[in-house]
Amino acid sequence: KSRGRGIRCFNNLQEIWSYVRHDLTEKWVAQKYIERPLIVHRRKFDIRQWILVTDWNPLTVWMYGECYLRFAVESFDLLNLD
(Lines give C-alpha, C1' and ligand atoms only; values in the text may rest on other atoms or scores of the structure.)
Protein backbone atom coordinates (compact mmCIF):
# COMPACT_ATOMS: atom_id res chain seq x y z
CA LYS A 1 0.00 0.00 0.00
CA SER A 2 1.22 3.50 -0.64
CA ARG A 3 0.99 6.94 0.92
CA GLY A 4 0.57 5.58 4.42
CA ARG A 5 -2.36 3.26 3.73
CA GLY A 6 -2.15 -0.01 5.66
CA ILE A 7 0.85 1.07 7.74
CA ARG A 8 1.14 -0.33 11.26
CA CYS A 9 3.57 1.01 13.87
CA PHE A 10 5.14 -1.17 16.53
CA ASN A 11 7.55 -0.43 19.36
CA ASN A 12 9.51 -3.67 19.36
CA LEU A 13 10.22 -6.87 17.46
CA GLN A 14 7.91 -8.96 19.67
CA GLU A 15 4.93 -6.78 18.69
CA ILE A 16 5.79 -7.22 15.01
CA TRP A 17 6.09 -10.99 15.40
CA SER A 18 2.73 -11.17 17.21
CA TYR A 19 1.11 -9.28 14.34
CA VAL A 20 2.59 -11.26 11.42
CA ARG A 21 2.68 -14.79 12.87
CA HIS A 22 -1.02 -15.44 12.11
CA ASP A 23 -0.21 -15.67 8.39
CA LEU A 24 3.40 -16.55 7.61
CA THR A 25 2.54 -17.10 3.94
CA GLU A 26 1.79 -13.37 3.56
CA LYS A 27 4.54 -11.07 2.25
CA TRP A 28 5.54 -8.30 4.66
CA VAL A 29 7.60 -5.13 4.40
CA ALA A 30 9.24 -3.67 7.50
CA GLN A 31 11.10 -0.43 7.86
CA LYS A 32 12.62 1.50 10.71
CA TYR A 33 11.09 4.86 11.55
CA ILE A 34 13.79 7.49 11.97
CA GLU A 35 13.12 9.53 15.08
CA ARG A 36 15.49 12.28 13.93
CA PRO A 37 14.68 12.64 10.21
CA LEU A 38 17.25 13.34 7.55
CA ILE A 39 16.87 16.92 6.31
CA VAL A 40 18.37 18.80 3.36
CA HIS A 41 17.40 22.43 2.76
CA ARG A 42 14.50 22.04 5.26
CA ARG A 43 13.11 19.04 3.32
CA LYS A 44 12.79 15.59 4.87
CA PHE A 45 14.12 12.79 2.74
CA ASP A 46 14.51 9.06 2.94
CA ILE A 47 16.76 6.53 1.28
CA ARG A 48 15.11 3.52 -0.33
CA GLN A 49 17.34 0.45 -0.48
CA TRP A 50 15.70 -2.81 -1.45
CA ILE A 51 16.63 -5.97 0.47
CA LEU A 52 15.28 -9.50 0.01
CA VAL A 53 15.61 -12.13 2.73
CA THR A 54 15.19 -15.59 1.20
CA ASP A 55 16.07 -17.69 4.25
CA TRP A 56 16.56 -17.30 7.99
CA ASN A 57 18.81 -20.27 8.67
CA PRO A 58 21.35 -19.75 7.36
CA LEU A 59 20.50 -16.08 6.94
CA THR A 60 20.48 -15.32 3.21
CA VAL A 61 20.07 -11.67 2.22
CA TRP A 62 20.10 -10.16 -1.28
CA MET A 63 20.61 -6.43 -1.74
CA TYR A 64 19.65 -4.57 -4.90
CA GLY A 65 22.69 -2.69 -6.25
CA GLU A 66 20.98 0.70 -6.57
CA CYS A 67 18.96 2.85 -4.20
CA TYR A 68 17.07 6.11 -4.53
CA LEU A 69 16.19 9.15 -2.40
CA ARG A 70 12.74 10.65 -1.90
CA PHE A 71 12.35 14.29 -0.89
CA ALA A 72 9.30 15.87 0.75
CA VAL A 73 7.41 18.55 -1.11
CA GLU A 74 6.87 20.74 1.95
CA SER A 75 9.42 22.16 4.38
CA PHE A 76 9.82 20.26 7.65
CA ASP A 77 9.10 22.10 10.89
CA LEU A 78 9.03 20.34 14.28
CA LEU A 79 6.64 23.03 15.53
CA ASN A 80 4.07 22.13 12.84
CA LEU A 81 3.61 18.37 12.41
CA ASP A 82 0.23 18.55 10.61
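FYI, side chains are in, hydrogens and waters are out, and symmetry mates aren't considered; it's all heavy atoms of this structure. None of these values were measured; they are calculated from a predicted model. Just so you know, residue 1 is the first one in the sequence shown, and it goes up from there.
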Step-by-step side-chain contact (heavy atoms from CB on, under 4.5 Å) determination, Q49 to Y64 = CA-CA 7 Å; Q49 174 66 61; Y64 188 68; 4.3 Å; yes

ask   = Can you check whether I47 reaches L38 side chain to side chain, under 4.5 Å on heavy atoms?
value = yes

key: Under-4.0 Å salt bridge between D46 and R48   = yes

key: Intermediate values then yes/no, side-chain contact (heavy atoms from CB on, under 4.5 Å), I39 and F45   = CA-CA 6 Å; I39 303 202; F45 75 96; 5.8 Å; no

task = Decide side-chain contact (heavy atoms from CB on, under 4.5 Å) for R42 and F76; before the verdict, give the C-alpha distance in whole Å, the side-chain angles of both, and the deciding distance to 0.1 Å.
result = CA-CA 6 Å; R42 298 187 55 200; F76 179 73; 5.9 Å; no

Contacts of N57 that satisfy side-chain contact (heavy atoms from CB on, under 4.5 Å) - sequence neighbours left out =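 N57: no side-chain contact (heavy atoms from CB on, under 4.5 Å) contacts found.
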
key: Polar side-chain atom of T60 near backbone of P58 as donor-acceptor pair, under 3.5 Å   = yes

ask   = About how many Å separate CD of E74 and CZ of R43, when rounded to the nearest 0.5 Å?
value = 8.0 Å

query = So does H41 have more than 12 non-hydrogen atoms from other groups sitting under 6.0 Å from NE2?
reply = no

query = side-chain contact (heavy atoms from CB on, under 4.5 Å) between W50 and Y68: does it pass, once the steps are laid out?
reply = CA-CA 10 Å; W50 299 102; Y68 65 92; 3.7 Å; yes

inquiry  = Clusters formed by hydrophobic residues whose side-chain heavy atoms approach within less than 4.5 Å: which one holds W56, and what are its other members?
reply    =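 I51, V53, L59, V61, M63, listed by chain and number.
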
